[in-house]
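Notes to accompany the following structure.
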There are 2 protein chains.
Amino acid sequence: MATTSIKLSALKTACKSCSLHDLCLPLGLDIGDIDRLDNIVKRSRPLHKGEYLFNSGEAFTSIFAVRSGSIKTFTESEQGDEQITGLYLPGELIGLDAIHDAKHPCSAIALETTSLCELPFDTLEDLSSEIPELHHQLFRIMSKEIAGDQSLLMLMAQKSADERLAAFLVNLSSRLKARNFSETEFNLTMSRKDIGNYLGLTIETISRTFSRFQSEGLLSTQRKYVNIHKLNELKELAGISDHCTTTDCPSKTA
Amino acid sequence: MATTSIKLSALKTACKSCSLHDLCLPLGLDIGDIDRLDNIVKRSRPLHKGEYLFNSGEAFTSIFAVRSGSIKTFTESEQGDEQITGLYLPGELIGLDAIHDAKHPCSAIALETTSLCELPFDTLEDLSSEIPELHHQLFRIMSKEIAGDQSLLMLMAQKSADERLAAFLVNLSSRLKARNFSETEFNLTMSRKDIGNYLGLTIETISRTFSRFQSEGLLSTQRKYVNIHKLNELKELAGISDHCTTTDCPSKTA
DNA sequence: CGAAGGATTGAATACACTCAAGGGATGTGG
DNA sequence: CCACATCCCTTGAGTGTATTCAATCCTTCG
């Protein structure tokens with residue numbers, strides 16, 4: 001019984017004691033407001049690998065925040081080809097693209113065992129009218145998503161396979177670092193196929209590029225496990241200078 | 001003097017009498033609230049072709065709505081290559097990607113003589129806390145921008161040059177239609193080079209593809225002027241069935 | 001009128017894709 | 001517990017689409 005109660009309490013970790021605090025919605029809120037936010041959060045059982053969070057076309061009712069694990073979102077065109085549009089890590093919000101016409105334009109699947117916080121959007125919207133900081137944080141998060149998509153666009157439009165994979169790995173690395181994971185050693189939760197799809201390349205090209213990176217000593221891989229040996233070179237290849245992340249890199253002026 | 005006063009009054013057209021009413025921020029607001037929105041709008045002299053609205057890296061203070069004309073936004077990477085990230089038509093909002101870190105991640109340039117409404121973001125945010133419909137409309141618009149970027153991503157990642165150009169033209173056509181312009185005859189305000197950049201292709205490829213479309217009888221062009229003869233075929237090529245636009249196309253179930 | 005930028009077209013090249021075969025891991029059922 | 005099927009990944013060979021390089025034409029604008 002002890003184990004059960006531990007699990008339950010873990011499941012119920014409140015926003016204010018959540019380690020993702022500063023990466024997620026509560027950023028900038030004071031204790032009282034965090035409690036109010038906490039009250040509208042629904043926490044349900046974790047999703048297993050491969051389980052759907054929602055399906056394309058479904059009615060939109062809630063935003064989801066990743067607590068642990070990871071989620072991929074993807075759209076399907078009429079011709080049936082699939083395009084992965086997002087990879088979400090702990091602290092990130094899913095479903096923001098569904099607000100405008102009240103249904104999900106994409107599907108979401110768990111890439112591993114993943115737990116989530118559900119935020120009913122109506123209530124969240126009401127609450128954010130009352131709490132200016134929450135309001136602002138929501139705008140910030142949506143804005144960041146727009147900016148992120150646009151830098152991904154840049155990647156797709158004019159980068160080579162090498163540059164795309166490097167940028168993908170560097171981006172992942174810095175997001176993991178922000179979550180107190182290692183920035184040089186991690187497991188890819190997406191398959192080669194998914195990565196290829198996400199970057200607009202084929203699985204063979206991803207595999208070959210990984211092989212070349214490995215033979216060049218930039219990194220080593222074992223299936224999904226990646227160990228980056230020369231992060232700086234990888235960053236350079238990705239077109240990102242030393243101590244800058246994708247999103248907050250000031251143009252070099254010095 | 002008569003002409004001057006006409007111009008001035010045109011410049012000052014209030015939101016409630018603006019033809020873009022239903023495409024822009026006021027959608028869903030009642031008359032009283034529209035007036036309140038109107039009060040915070042700054043309307044300044046039009047921008048000429050090639051003039052900057054703002055520059056990448058500049059502090060973000062305002063959202064801009066296009067009144068007439070068109071604007072392109074683009075980012076510049078450290079290597080100096082430019083990527084066009086958006087083409088904005090009347091009624092559309094510019095600058096939403098700048099909220100999250102309070103500075104513009106991209107630059108914005110007028111593609112033709114363009115007039116704009118400026119909305120100081122602080123004030124807009126305050127006002128939207130008081131007017132739930134405005135609040136909601138802002139979310140909808142941002143959400144739409146996210147969804148739009150994601151479908152552009154899909155385009156980049158897995159479509160051929162033909163499909164990309166067709167999708168670009170069809171998208172433009174339907175947006176122009178929504179603004180009461182012709183959906184088959186219009187002037188491209190972007191150059192071939194810009195279109196190529198936007199779609200991740202070279203100027204030569206754009207030119208060749210236009211030539212082929214023309215020889216196939218899909219459309220005819222004279223420099224920036226485009227006349228679409230077979231819109232449905234173009235839509236099919238773009239992967240969009242008959243009476244659907246890019247954003248609100250239900251998956252075919254019938 | 002001359003210069004400069006934009007667009008078109010041609011020829012050759014390159015990068016990523018397709019097709020194909022095989023290896024290695026994982027999971028299921030006998 | 002082993003055998004088999006399946007999935008994922010890797011590597012090779014050949015192909016094709018869009019690119020690069022280059023020349024020319026047209027339009028615009030000073």
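Below, chains carry the letters A, B, ... as their sequence lines are ordered, and counting in each starts from 1.
For A/Arg192, the side-chain atoms get nearest to D/dC9 when compared with the rest of D/dC9, D/dT19, C/dC17. Across C/dT9, C/dC17, C/dT8, the shortest atom-to-atom separation from the side chain of B/Arg208 is found for C/dT9. Picking from C/dT9, C/dG24, D/dC26 the nucleotide with the shortest atom distance to the side chain of B/Arg223 gives D/dC26. Checking D/dT10, D/dA18, D/dA13 against the side-chain heavy atoms of B/Ser160 singles out D/dA18 as nearest.
Across all strands, B/Ser207 comes closer than 4.0 Å to base atoms (heavy-atom distances). In this structure, B/Thr205 reaches the bases: a heavy-atom distance under 4.0 Å links it to at least one base atom across the strands shown. Using a 4.0 Å heavy-atom criterion, one finds that A/Gly196 contacts no nucleic acid atom at all.
Between B/Ser191 and C/dG6 there is no side-chain N or O to OP1 or OP2 distance below 4.0 Å.
A salt bridge does not link B/Asp97 with A/Lys144: none of the charged nitrogens is closer than 4.0 Å to a carboxylate oxygen. Salt bridge status for A/Lys230 with A/Glu216: absent, with no side-chain N to carboxylate O gap under 4.0 Å.
Computed from coordinates, the A/Asn197 CG to D/dC8 C1' distance equals 16 Å when rounded to whole Å. D/dC8 atom C1' lies 15 Å from atom CG of A/Leu111, rounded to whole Å. Atom CG of B/Leu199 is separated from atom P of D/dT19 by 11 Å (rounded to the nearest Å). In this entry the distance linking CD of B/Gln222 with C1' of D/dT28 reads 16 Å, nearest Å. If you take CD of A/Gln158 and C1' of C/dC15, they are 16 Å apart, rounded to a whole angstrom. The interatomic distance linking A/Glu204 (CD) with D/dC9 (C1') rounds to 10 Å, in whole Å. For the pair B/Arg212 CZ and D/dA18 C1', the interatomic distance rounds to 11 Å; values are reported in whole Å. Rounded to an integer number of Å, the gap from B/Leu201 CG to D/dT20 P is 11 Å.
Side-chain contact annotation: B/Glu185 with B/Tyr225, donor-acceptor N/O pair under 3.5 Å present.
Ring geometry for A/Phe60 against A/His104 counts as perpendicular: the plane angle is over 60°, on a 0 to 90° scale with 30° as the lower cut.
A cation-pi arrangement is absent between A/Lys177 and A/Phe181, since the terminal nitrogen or guanidinium carbon is not both under 6.0 Å from the aromatic centre and inside a 45° cone about the axis.
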